[in-house]
Visitor: 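My questions all concern the structure below.
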Amino acid sequence: MPKRIETLVMHDSSTPVLGDTMKGGSVVVTTLDTLINQARSNALWPLTFGLACCAIEMMCTVAARFDLARFGSEAFRATPRQADVMIIAGRLSKKMAPVLRQIYDQMPEPKWVISMGACASSGGVYNNYAIVQGADQVVPVDVYVPGCPPSPDALMYAVIKLQNKVKRQSMRTTKQLNLIELKPRSFEETA
Amino acid sequence: MSFEVFRDVVKPIVVGFGITAKRLAHPKVTIQYPEERREQFGRTRWRHVLTRYDSGLERCIGCSLCAGACPARCIYVGAAENTDEARFSPGERYAHRYEINMLRCIFCGFCQEACPTGAIVLRKDFELSNYEREDFIYTKEMLLEPVRD
């Protein structure tokens with residue numbers, strides 16, 4: 001039987017409300033995972049990784065009119081070591097696939113992937129020998145965005161969807177909190 | 001207050017805040033997206049809709065011209081014959097299956113141009129993102145416009 005624990009959690013409106021009482025787990029983790037999920041979902045730093053024309057829309061999303069900074073995602077990191085989310089913006093060629101996988105491996109846990117556009121998600125019109133038919137053949141994808149290219153609002157909707165996914169993560173043990181990398185990787189392993 | 005202090009400290013502060021103050025009068029450009037939406041352009045092409053006649057009959061006659069025009073090959077049309085007992089469209093045939101792979105689709109609108117009855121149209125609903133690949137196969141039930149009263 002799950003313990004019924006009343007916890008105070010901070011929601012989007014910053015008003016303290018009673019937390020999810022039906023969530024199982026120990027007292028510490030129940031309170032902590034809500035807090036950590038809030039922190040993680042509101043600071044999803046993307047990786048500067050544009051593969052094709054979708055990258056133009058990705059840049060436009062960060063610009064003043066749409067302003068991805070309102071969701072805490074304005075800090076596009078130039079190194080995978082500091083990034084949380086990888087936006088695969090554009091067609092992924094087979095030659096680029098190992099590079100993408102390597103960059104994904106270099107990102108620290110926890111990490112998420114948004115597959116932006118028809119080409120990255122499924123290959124789109126490029127059903128040929130050169131293009132990977134869906135980036136999920138290379139890396140695990142969390143949110144798919146259809147469109148060619150998706151407009152900035154469509155990408156923002158995907159970021160909100162990803163935030164909701166991050167917020168829903170349940171962590172029952174301290175290991176699942178994923179606070180430290182349990183298996184530190186050497187430079188030779190990932191580079 | 002010496003002249004140097006005024007020149008090197010006070011004046012730059014005033015000039016700097018003056019630029020900030022000027023920006024306050026500028027119009028605000030940011031669209032607060034989830035709360036307010038921008039008006040989409042008139043020819044924006046997003047989510048497909050299968051439309052109906054005013055009588056409630058489906059416009060689609062299952063001719064597969066949209067599937068032929070599609071450069072991404074993302075449309076499947078399965079046609080069946082209308083009978084007097086089960087009538088879906090005015091003509092002889094109707095589409096008993098109509099599926100679009102939204103991940104393949106590039107929203108070019110060629111299906112809309114090819115359609116002889118104006119059945120498939122691309123409307124302005126852009127919020128199509130989802131978590132699973134399987135959710136992107138849009139079936140006829142999802143695409144078909146609800147019957148108007």
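So that the names make sense, note that chain A is the first sequence line, chain B the second, and so on, each numbered from 1.
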Visitor: Considering all heavy atoms of both residues, which atom of B/C105 and which atom of A/A118 are nearest to each other, and what is their separation?
Guide: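 B/C105 and A/A118 have their closest heavy atoms at O-CB, 3.6 Å.
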
Visitor: Looking at A/A120, A/S122, A/C119, A/G134, which makes the most heavy-atom pairs under 4.5 Å with chain B?
Guide: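 Going by pairs under 4.5 Å, I would pick A/S122.
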
Visitor: Show your reasoning for whether side chain to side chain contact (heavy atoms under 4.5 Å, CB included) applies to A/N164 and B/Y131.
Guide: CA-CA 11 Å; A/N164 292 340; B/Y131 303 115; 4.0 Å; yes

Visitor: Given a strict heavy-atom distance threshold of 4.5 Å, which part of B/R73 is in contact with chain A: side chain, backbone, both, or neither?
Guide: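 No part of B/R73 comes within 4.5 Å of chain A.
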
Visitor: More than 12 heavy atoms of other residues, nucleotides or ligands under 6.0 Å from NZ of B/K11: is that the case?
Guide: no

Visitor: Is it true that B/R38 and A/D153 make a salt bridge, defined as a side-chain N closer than 4.0 Å to a carboxylate O?
Guide: yes

Visitor: Walk me through whether A/N127 and B/R104 qualify under side chain to side chain contact (heavy atoms under 4.5 Å, CB included).
Guide: CA-CA 10 Å; A/N127 191 358; B/R104 277 271 172 207; 4.0 Å; yes

Visitor: Once you round to the nearest 0.5 Å, how far does OG of B/S129 lie from CE of A/M156?
Guide: 11.5 Å

Visitor: Enter the distance from A/S115:OG to B/L103:CG here, rounded to the nearest 0.5 Å.
Guide: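 Rounded to the nearest 0.5 Å, the OG-CG separation comes to 7.5 Å.
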
Visitor: Relative to chain A, which of B/D135, B/L128, B/T44, B/N130 shows the most heavy atom pairs under 4.5 Å?
Guide: B/N130

Visitor: Between chain B and each of A/V141, A/D136, A/I160, count heavy-atom pairs under 4.5 Å; write down the option with the most.
Guide: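 The option with the most such pairs is A/D136.
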
Visitor: Quick one: are A/F66 and B/T30 in side-chain contact, heavy atoms under 4.5 Å?
Guide: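 They are not in contact (no side-chain heavy atoms under 4.5 Å apart), so the answer is no.
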
Visitor: Check this for me: B/E92, atom CD, are more than 12 non-hydrogen atoms of other residues, nucleotides or ligands nearer than 6.0 Å?
Guide: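 Atom CD in B/E92 is not packed in, count stays at 12 or less.
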
Visitor: Evaluate the side chain to side chain contact (heavy atoms under 4.5 Å, CB included) criterion for residues B/E132 and A/Y144: first the C-alpha distance (whole Å), next the side-chain angles of each, then the deciding distance (0.1 Å), finally the verdict.
Guide: CA-CA 7 Å; B/E132 300 294 331; A/Y144 299 89; 5.8 Å; no

Visitor: Calculate, to the nearest 0.5 Å, the distance between atoms CZ and SG belonging to B/F107 and A/C148 respectively.
Guide: 9.0 Å

Visitor: For B/Q40, is it the side chain, the backbone, both, or neither that has a heavy atom closer than 4.5 Å to a heavy atom of chain A?
Guide: side chain

Visitor: Which pair of non-hydrogen atoms, one from A/R70 and one from B/P34, has the smallest distance, and what is that distance?
Guide: NH1-CD, 4.0 Å

Visitor: Write down the atom of A/A154, the atom of B/W46, and the distance for their closest heavy-atom approach.
Guide: CB-CH2, 4.2 Å

Visitor: Just to be sure I understand the criterion: a residue of residues 51-65 of chain A counts if one of its heavy atoms is under 4.5 Å from a heavy atom of chain B. Which ones qualify?
Guide: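 Result: A/A64, A/R65.
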
Visitor: Side chain of B/R133, backbone of A/S121: donor and acceptor closer than 3.5 Å?
Guide: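 Side chain of B/R133 to backbone of A/S121: a pair is present.
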
